[in-house]
Protein chains: 2
Amino acid sequence: MHYFTISDLAHEFDVSTRTIRYYEERGLLSPIRTESGQRLYTKKERAKLKLILRGKRFGFSLDEIHEMISLFDEDRTGKKQLEKTVEYGRRKLKEVNERIEDLLQLKAEMEALLSDFEQRLRQWEGSDG
Amino acid sequence: MHYFTISDLAHEFDVSTRTIRYYEERGLLSPIRTESGQRLYTKKERAKLKLILRGKRFGFSLDEIHEMISLFDEDRTGKKQLEKTVEYGRRKLKEVNERIEDLLQLKAEMEALLSDFEQRLRQWEGSDG
DNA sequence: ATTTTAATTGACGTTGACGTAAAAGTCAAC
DNA sequence: GTTGACTTTTACGTCAACGTCAATTAAAAT
């Protein structure tokens, strides 16, 4: 298997190495280390970074993202653990659905506004241009 | 017409009065004042606050929101102004569409994960509970 | 009329999410 | 085998978006 260096990921996702190390400080990433101490990232860690950045784009805090990542990450063997995970997952999914609804509403509002403006523009052009 | 006080809005939208004043500092709101200097908010100002909070939920910065609000707010009489507004509106609408796509993807990932967990849970219950 | 509640400005404090600089070690290229 | 690019930790800096006093004034309730 092949690993990524910190600057590999930094370039790919256009973030600073500082940012990636900060995510590790916060417990969001856990790269392995070479003998000399340099970080190496597996495909899975890379996928986690992708998820973090996606979450950020929606305004989730790093704490929230941390919880969401632990879904993909932790060893959930016991039944209780699994039940808690599923319950948490359902809650988060509901939040995501609400955000989608909200965004669709914003989209509708903006479209209405836009078509109004565009109509005014056409009137202008019909009489003057 | 009837006005809202700052705490009316604070309660309705569950934000602090400090937050509302801060939005005014940043030029996002412009309440009128009583003779003694107290803020009064019209329905339109209330709608603007609603928009601000919606924007925030999607991770837009206050600066971005400021631009979006000016769409609803400014006096757009000249043709040039109108054209700029429409162009900006189209750009923002595109961003919103991209965010929706992104969120739908996140939703799909979470649903896949959840159904996997739920299946594991059913296996557990089939054999043990 | 006076207690309580709510509003004002001003200023400093805080938190999250990094940026940036320094000192030292490491790896790849020539 | 040394230059130069890259990495490490440590630590202090920064900026947005408020929170939190404090002192003062105004409005509402009793």
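- Under the rule for a side-chain hydrogen bond (donor to acceptor under 3.5 Å, both in side chains), A/Lys56 has no partner lying at least two apart in sequence or in another chain.
- Under the rule for a side-chain contact (heavy atoms from CB on, under 4.5 Å), the partners of B/Leu93 that lie at least two apart in sequence or sit in another chain are A/Lys107, A/Met110, A/Glu111, A/Leu114, B/Asn97.
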Detail all sub-3.5 Å separations between protein N/O atoms and N/O atoms belonging to nucleotides 14-17 of chain D.
{"residue": "D/dA17", "atom": "OP1", "partner": "B/Leu62", "partner atom": "N", "Å": "3.1"}
{"residue": "D/dA17", "atom": "OP2", "partner": "B/Arg26", "partner atom": "NH1", "Å": "2.7"}
{"residue": "D/dA17", "atom": "OP2", "partner": "B/Arg26", "partner atom": "NH2", "Å": "3.4"}

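- Every side-chain contact (heavy atoms from CB on, under 4.5 Å) that A/Glu87 has, sequence neighbours left out, goes to A/Arg91.
- A sub-4.0 Å separation between OP1 or OP2 of D/dC6 and a side-chain N or O of A/Thr5 is absent.
- Between C/dT20 and A/Arg21, no contact under 4.0 Å exists linking OP1 or OP2 to a side-chain N or O.
- The cationic group of A/Arg90 does not satisfy the cation-pi geometry with B/Phe117, failing either the under 6.0 Å distance to the six-membered ring centre or the 45° limit from the ring axis.
- With B/Glu109 as reference, A/Arg54 is the one residue of A/Lys50, A/Lys92, A/Arg54 to meet the salt bridge (charged side-chain N to carboxylate O under 4.0 Å, His left out) rule.
- Atom CG in A/Leu9 sits roughly 15 Å away from atom P in D/dC6 (whole-Å rounding).
- Regarding A/Tyr41, its OH atom lies at a distance of 16 Å from the P atom of D/dC6, rounded to whole Å.
- Here C/dG16 presents its C1' atom at 12 Å from CD1 of A/Ile65, a figure rounded to the nearest Å.
- Taking atom CG of residue B/Asp8 and atom C1' of nucleotide D/dA28, one finds them 14 Å apart after rounding to whole Å.
- Atom CD in A/Glu35 sits about 16 Å away from atom C1' in D/dT8, given to the nearest Å.
- Scored by the side-chain hydrogen bond (donor to acceptor under 3.5 Å, both in side chains) test, B/Ser7 finds B/Thr5 as partners (sequence neighbours excluded).
- Per the geometry, CD1 belonging to B/Ile6 stands 15 Å off C1' belonging to D/dT25, to the nearest Å.
- Distances shorter than 4.0 Å separate none of the side-chain N or O atoms of A/Arg18 from OP1 or OP2 on D/dT7.
- When distances run from any side-chain atom of A/Arg39 to the nucleotides D/dT9, D/dT7, D/dG19, the shortest one goes to D/dT9.
- Atom P of nucleotide C/dG19 and atom CD of A/Glu25 are separated by 12 Å, given to the nearest angstrom.
- Sorted by first and then second residue, the salt bridge (Lys or Arg N to Asp or Glu O under 4.0 Å) pairs involving residues 29-42 of chain A (not counting sequence neighbours) are A/Glu24-A/Arg33, A/Glu24-A/Arg39.
- A close approach under 4.0 Å does not occur between any side-chain nitrogen or oxygen of B/Thr17 and OP1 or OP2 of C/dA7.
- Applying the side-chain contact (heavy atoms from CB on, under 4.5 Å) rule to B/Glu98 yields the partners B/Lys94; only residues at least two apart in sequence or on another chain are considered.
- Between B/Arg33 and C/dT9, a side-chain N or O to OP1/OP2 separation shorter than 4.0 Å is present.
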Dump the pairs, protein N or O against N or O of nucleotides 27-30 of chain C, anything under 3.5 Å, distances to one decimal.
{"residue": "C/dC27", "atom": "OP1", "partner": "A/Ser36", "partner atom": "OG", "Å": "3.0"}

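- Taking the side-chain hydrogen bond (donor to acceptor under 3.5 Å, both in side chains) definition, one finds that B/Arg26 meets it with B/Tyr22, B/Asp63, sequence neighbours left out.
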